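Fair warning: this is a prediction, and the values are worked out from it, not measured in the lab. We name chains A, B, ... by the order of the sequence lines, and we start the count at 1 in each one.
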Amino acid sequence: MPSFPAFFRNILLSWIVFSPSRFGLSSTLKKSFSSFMGIVNYAGMGTLSWKSMISYHIQNERLEEARRLFDEITSPDVYLYTMMIARYSRSQRLDDALELFCKMPVRDVASWNSMMKGCLDCGNLVIARKLFDEIPERNVISWTTILNGFLQFGKIEMAEVLFHKMPWRDTAAWNSMIFGYCSNGRIEDALKLFEEMPSRNVISWTTMIGGLDQYGMSGEALSLFQEMQDSGLIIPTASTYSSALTACANIPALDQGVQLHAHLVKLGYVFDAFISTSLITFYANCKQIENSHKIFQENLHMNVVMWTALITGYGLNSKYEEALVVFNDMIKVGIVPNQSTFTSTLYSCSGLEALDRGKMIHAQAVKLGLDFDVFVGNSLVVMYSKCGNIDDAVVLFNKMSKRNIVSWNSIIVGCAQHGYAIQALKFFDQMVHEEIHPDEITYIGLLTACSHSRMLDKAMHFFEKLNQDKSIVVKLEHYACMVDVFGRCGKLEEAEEFIRNMPVKANSMVWLALLSACRVHANLEVAKRAAQYVFDLEPHNSAAYILLSNLCASASRWNDVSQIRGMMKQKGIVKNPGCSWVTMKGSRHEFLCGDRSHPLSEKIYQKMDFLGGKLKELGYVPDRSFALHDVEDEQKEVILSYHSERLAIGFGLVTTVEGSTIRVMKNLRVCGDCHSAIKLIAKIIGREIIVRDSSRFHHFRNGNCSCGDYW
DNA sequence: TTAGGGTTAG
């Protein structure tokens with residue numbers, strides 16, 4: 001029993017802290033105080049009143065206050081000790097929790113269990129195990145707690161042994177083991193337990209539905225949900241509906257999801273944060289982003305997860321600008337973004353190729369100390385690389401303290417697309433050295449690197465390794481990469497032979513790789529065969545028509561060109577016009593060939609004409625074969641000089657400061673004549689020009705290009 | 001809210 005002055009001191013302290021004039025008097029506080037006054041009146045203190053006061057402090061995160069009151073009690077009971085221990089553990093204060101646990105004169109099984117759980121929450125499995133071994137009388141909760149501890153630390157086999165050793169198992173124990181199997185990808189074992197268990201509750205069903213969905217068996221997850229509904233024995237909770245909706249999103253199953261949505265409206269569940277978020281993702285995955293937005297707007301309590309779901313949804317629907325608007329709105333209303341928010345937002349920056357905005361988002365992540373998160377780091381590497389800044393991507397990658405397979409793939413693919421083949425292979429060696437096992441994406445990156453640098457032997461070596469690795473399924477993309485390598489190395493017959501010997505039927509992507517090579521090597525004979533395959537497989541794919549038509553145009557076979565154009569017209573196939581753009585201060589400046597619509601056109605054309613003169617002085621002769629129109633030679637030169645990529649470069653030149661890098665994006669492949677001209681332009685202006693075309697990045701520096709004139 | 005089991009974004 002504490003002395004009265006000490007007691008009054010605490011009341012006074014509480015009174016100051018809870019000053020009604022500052023905070024208002026909540027109902028809980030009123031209750032707490034009336035119990036206090038009761039104690040004073042009776043001049044004695046029941047433990048119950050101490051409990052309510054301490055628990056009030058605990059509820060309001062005032063752990064120090066709670067501890068001060070706790071220390072005033074001469075002999076706190078087991079309940080109070082346990083409450084303090086649990087709270088310290090939840091606040092990651094394991095030392096304080098253990099100190100109290102050691103001080104306890106008497107312990108019951110709940111206090112042992114709480115301490116054990118506390119150790120697990122604070123990441124200490126060793127002490128948790130020791131405690132488990134020392135518990136005088138374990139109950140089913142003790143067993144389940146340590147079982148979950150093993151699972152939490154990825155020790156599935158130990159959990160399995162423990163589960164079978166348990167003297168008695170209740171439904172919660174079965175549920176834990178099922179969850180353990182699901183989260184370790186052992187779906188068959190999970191299903192077996194689910195079948196075997198003596199009785200299932202709603203948690204068992206929800207665990208199994210979620211497990212199947214996460215394993216990629218979303219259809220089976222929905223069937224199980226239906227089975228549960230049909231049984232009529234289980235009432236689903238918000239969690240169950242949330243899992244079912246996620247399964248609908250992953251399939252995606254629009255009709256079933258919409259039905260479920262209607263049902264949830266009737267049940268009044270639509271304002272549940274988890275359900276709303278699942279609905280946002282569901283509609284976004286079903287390409288109905290307007291519905292996602294509607295659900296988002298109808299929600300009053302929007303949390304960071306819900307905001308992130310909407311940002312992700314816009315990104316998934318290629319509405320990158322909208323995603324960035326949502327991100328800015330979120331910041332405006334004071335929601336603090338987390339790792340996932342940055343990952344999704346950076347994805348949209350990559351989609352927009354908006355380096356300036358990507359850098360701003362990066363700065364915000366740094367401010368919040370989230371730039372070292374592995375997901376954010378990966379997104380940053382991808383963003384810098386896709387926005388044309390591979391050097392910064394490499395710097396960031398090297399600084400990453402934690403890396404996973406996605407990190408390695410991102411940097412290897414990035415280097416490959418920028419033509420930094422040696423760098424890509426070096427990263428691969430480093431990855432192998434660090435015992436990270438490559439996956440299918442890694443091989444795509446490696447083969448692309450080899451292709452862009454014409455390293456046939458290396459490519460064959462990697463392709464062989466890929467085929468030997470039984471953990472990887474060789475996909476059509478890998479075959480297409482190999483065809484690309486053969487093609488770029490001028491080995492068109494070998495490429496055709498390779499396609500014919502493939503164990504799976506080639507798709508149009510594979511034949512298009514061959515056709516592109518034919519375009520580079522001006523081989524009309526093979527091109528016609530390859531194009532025919534694409535025409536048969538995908539009659540409306542415009543790429544094959546364009547490639548073949550360009551090839552005929554380069555050979556001045558104008559009759560063939562008009563025949564192909566006639567076929568395109570007949571089939572209603574429209575060629576995408578060549579378009580180049582520069583993203584600056586959040587705006588995209590687009591240019592078409594010969595375009596004069598930009599407000600700065602006059603300046604741009606002046607600059608290009610000036611450079612045209614300089615180019616001629618350096619001995620540049622336009623390669624007329626790239627002007628793919630049946631017009632007079634002089635006219636061809638004019639068309640070439642004003643190709644969209646050159647106008648975009650001209651815009652970069654008139655709007656940026658001396659010495660800075662110019663970054664241009666193009667929807668089609670950069671034309672060969674422009675390629676020669678841009679190399680010289682880079683030399684004349686003494687600046688680096690980076691052009692991302694439909695297949696790769698070109699770094700033009702001092703008269704050379706990183707692609708080695710081959711792309 | 002003195003102890004164990006299932007849910008949302010990436």
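Looking at heavy-atom distances under 4.0 Å, A:Thr206 makes contact with a base. Counting any heavy atom pair closer than 4.0 Å across all strands shown, A:Val78 reaches no nucleic acid atom. Within the 4.0 angstrom heavy-atom criterion, no nucleotide atom of any strand lies near A:Ser276. At a threshold of 4.0 angstrom between heavy atoms, the contacts of A:Thr171 include nucleobase atoms, whether or not backbone atoms are also involved. Within 4.0 Å (heavy atoms only), A:Thr341 reaches no atom of the nucleic acid at all. Using a 4.0 Å heavy-atom distance criterion, A:Ser111 is classed as making no nucleic acid contact. Nucleic acid contact class of A:Thr144 (heavy atoms, under 4.0 Å, all strands): base. Nucleic acid contact for A:Asn139: base, since at least one base atom lies under 4.0 Å from a heavy atom of the residue. Residue contacts for A:Phe179: at a heavy-atom cut-off of 4.0 Å it reaches the sugar-phosphate backbone alone, with no base atom in range.
Side-chain atoms of A:Thr442 and A:Asp439 form a donor-acceptor pair, as typed in the model, at a separation below 3.5 Å. One side chain, A:Asn378 or A:Asn404, offers a donor N or O that lies under 3.5 Å from an acceptor on the other. At a cut-off of 3.5 Å, with distance as the only test, a side-chain donor of A:Tyr181 or A:Glu160 sits close to an acceptor on the other residue.
Residue side chain A:Ser340 reaches the base of B:dG10 through a donor-acceptor N/O pair under 3.5 Å, judged by distance alone. Looking at A:Asn338, its side chain comes within 3.5 Å of the base of B:dA9 through a donor and an acceptor atom.
Nearest to the side-chain atoms of A:Lys117 among the listed nucleotides B:dG4, B:dG6, B:dA9 stands B:dG4. Listed nucleotides B:dT8, B:dG6, B:dG4 differ in distance to A:Ala173; the shortest reach to its side chain belongs to B:dG4. Among the nucleotides B:dG6, B:dT8, B:dG5, the one closest to the side chain of A:Val202 is B:dG6. For A:Ser242, taking side-chain heavy atoms from C-beta onward, the closest of the listed nucleotides B:dG5, B:dT7, B:dT1 is B:dT7. Checking B:dA9, B:dT1, B:dT7 against every side-chain atom of A:Ser243, the shortest atom distance belongs to B:dT7. Of the candidate nucleotides B:dT1, B:dG6, B:dT8, B:dT1 has the atom lying nearest to any side-chain atom of A:Arg90. Checked against B:dT2, B:dG4, B:dT8, the side chain of A:Asp170 finds its nearest nucleotide in B:dG4. Nearest to the side chain of A:Gln214, among B:dG5, B:dT8, B:dA3, sits B:dT8. The listed nucleotides are B:dG4, B:dT7, B:dT2; the one nearest the side chain of A:Ala238 is B:dT7.
Taking atom CG of residue A:Leu260 and atom C1' of nucleotide B:dT7, one finds them 13 Å apart after rounding to whole Å. To the nearest angstrom, P of B:dA3 lies 13 Å from CE of A:Met104. Straight-line distance from the CG atom of A:Leu279 to the C1' atom of B:dA9: 13 Å, rounded to whole Å. For A:Tyr79 and B:dT2, the OH to C1' distance is 6 Å, given to the nearest whole Å. Rounded to whole Å, atom C1' of B:dA9 lies 12 Å from atom CD1 of A:Ile289. The nearest whole Å value for the distance from the CG atom in A:Asn285 to the P atom in B:dG10 is 8 Å. A straight line from CZ of A:Phe101 to P of B:dA3 spans 14 Å, rounded to a whole angstrom. In this structure, A:Asp213 atom CG and B:dT8 atom C1' are separated by 12 Å, rounded to whole Å.
A distance cut-off of 5.5 Å between ring centres, combined with a plane angle under 30°, places A:Phe274 in a stacking arrangement with the base of B:dT7.
Across B:dG5 and B:dG10, the matching P atoms stand 25 Å from one another, rounded to whole Å.
Note on A:Arg93 versus A:Glu99: no salt bridge recorded, every NZ/NE/NH1/NH2 to OD/OE distance being 4.0 Å or above. Salt bridge absent: A:Arg129 and A:Asp133 never bring a charged side-chain N and a carboxylate O closer than 4.0 Å. Electrostatic pairing of A:Glu195 and A:Lys192 does not count as a salt bridge here, judged by no charged N lying under 4.0 Å from a carboxylate O.
The CE atom of A:Met197 sits 4.5 Å away from the CG atom of A:Asn175 when rounded to the nearest 0.5 Å.
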